[in-house]
Student: 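Mind looking over this structure? Questions follow.
We count ligands from 1, going down the list as the structure has it; atoms in each ligand are counted the same way.
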Amino acid sequence: MSKRIRVVLDHDGQDDELVAQVVLGAARQYHRENDNRAFPLPIVDLVGVICIDGDCYIDPAMDLVLRLATLCRLARCNAGGEVVQVGRSSLKRGGPADYPAPFRAECIHMQHFTCMNSDVVNEAIASRQYAILRTDVTGEELLAELVMKSPEPVTVCVTGPMSNVAYCLTKYGEAFASKVERLVIMGGAFGCKGNVASDQVPGTHVPYDGSQEWNVFWDPKAADTVVSTPLLRPDQKIFFDLEMCRQVPVLPEFVRRFGQVTTRPGGLHPTQLACFIGNANSMCTLRPPYTPFSAWDSLTASFILDPRVVSMLEPKRIKVVTDNSLPNVGQTCVLPDNAPEGSFITHAKIAATQLYYDVVVSVAGAV
Ligand SMILES: [Ca+2]
């Protein structure tokens with residue numbers, strides 16, 4: 001029998017973060033098309049989305065998150081599901097610099113995609129039957145509430161900085177951790193080059209050495225809290241680092257596949273989610289080449305739908321550099337297994353690239 005997994009997604013509003021939101025929000029489409037007795041897939045229920053002011057501008061990003069959550073819940077495969085709760089984190093960066101402005105601005109383009117603004121979506125948002133923006137609590141408190149009040153343990157998928165989870169672990173400790181099934185995290189660069197370049201962080205006067213990954217760099221102390229917490233076992237802390245994610249490049253031939261995800265076989269009209277993912281990904285393929293763009297976040301989310309997306313998991317001892325005055329602040333250093341410092345996590349190491357592509361194309365067919 002299929003296992004049910006309640007999921008909260010905690011992201012920071014960039015292109016692939018939103019694709020990850022579709023992957024989890026329309027997960028049942030993939031389940032319906034691919035579940036079989038030989039390999040039963042979990043039934044994924046996305047119950048909440050938290051957004052933090054990292055790789056986005058938070059106001060347009062929140063509007064976009066609510067629009068997309070609503071659109072995904074309009075899919076037939078989600079009939080009868082619970083209302084998705086959306087929260088805005090109040091936490092600020094702990095690292096030395098903000099994400100580059102051009103990256104942050106992409107959420108503004110996405111909120112104006114045609115598929116986000118139909119009368120159907122606008123009316124569904126107004127009805128509050130599918131998704132609601134919780135303005136009575138901060139996003140970090142909503143994360144705590146969704147986890148601690150859940151009838152069963154919750155999987156938390158973190159594709160932005162780890163600030164919200166670190167907040168909950170610090171404030172609520174065991175009461176929070178005991179209700180976490182596992183953390184599935186995009187973050188870190190384990191023994192590979194990072195994606196923070198000095199020319200992306202003007203005005204900080206530190207010659208960053210390029211070893212860092214942005215999610216960790218934005219809040220290194222939060223990442224350290226998550227890596228080192230004794231409240232979760234190493235197998236509950238699953239990390240997708242940059243090297244792993246570079247195995248799923250956003251290539252033009254992948255992006256073009258979304259044009260064939262149509263409302264009826266062979267039809268002219270792509271689905272609304274195919275429009276969203278295809279258009280969001282097309283922005284990535286045109287981005288200035290600081291690093292080749294990879295599907296970091298949606299790969300991480302896909303693993304929750306189908307664990308076969310990862311063909312190798314390996315324990316690793318790592319530590320996070322947290323001193324903001326150092327040129328490698330935010331680096332995730334891999335240490336020998338018997339080192340006296342650092343903590344064990346689980347590293348998702350090898351991706352089944354084609355299966356990842358197929359997962360995303362499948363969920364795009366939901367609505
Ligand atoms: Ca991110």
Student: Under 3.5 Å, is there a donor-acceptor pair linking the side chains of Glu253 and Tyr357?
Tutor: no
Student: Give a yes-or-no answer on whether the side chains of Asn195 and Glu213 include a donor-acceptor pair shorter than 3.5 Å.
Tutor: no
Student: Find, among atoms of Asp12 that are N, O or S, the one nearest to the Ca ion (ligand 1), and state its name.
Tutor: OD1
Student: Name whichever N, O or S atom of Glu17 ends up nearest to the Ca ion (ligand 1).
Tutor: OE2
Student: Do the side chains of Glu152 and Lys3 get close enough for a salt bridge, i.e. N-O under 4.0 angstrom?
Tutor: no
Student: Can an N, O or S atom be found in Gln14 less than 3.0 Å away from the Ca ion (ligand 1)?
Tutor: no
Student: Can you check salt bridge (charged side-chain N to carboxylate O under 4.0 Å, His left out) on Arg93 and Asp98, steps first, answer last?
Tutor: CA-CA 7 Å; Arg93 74 173 156 81; Asp98 287 325; 2.7 Å; yes
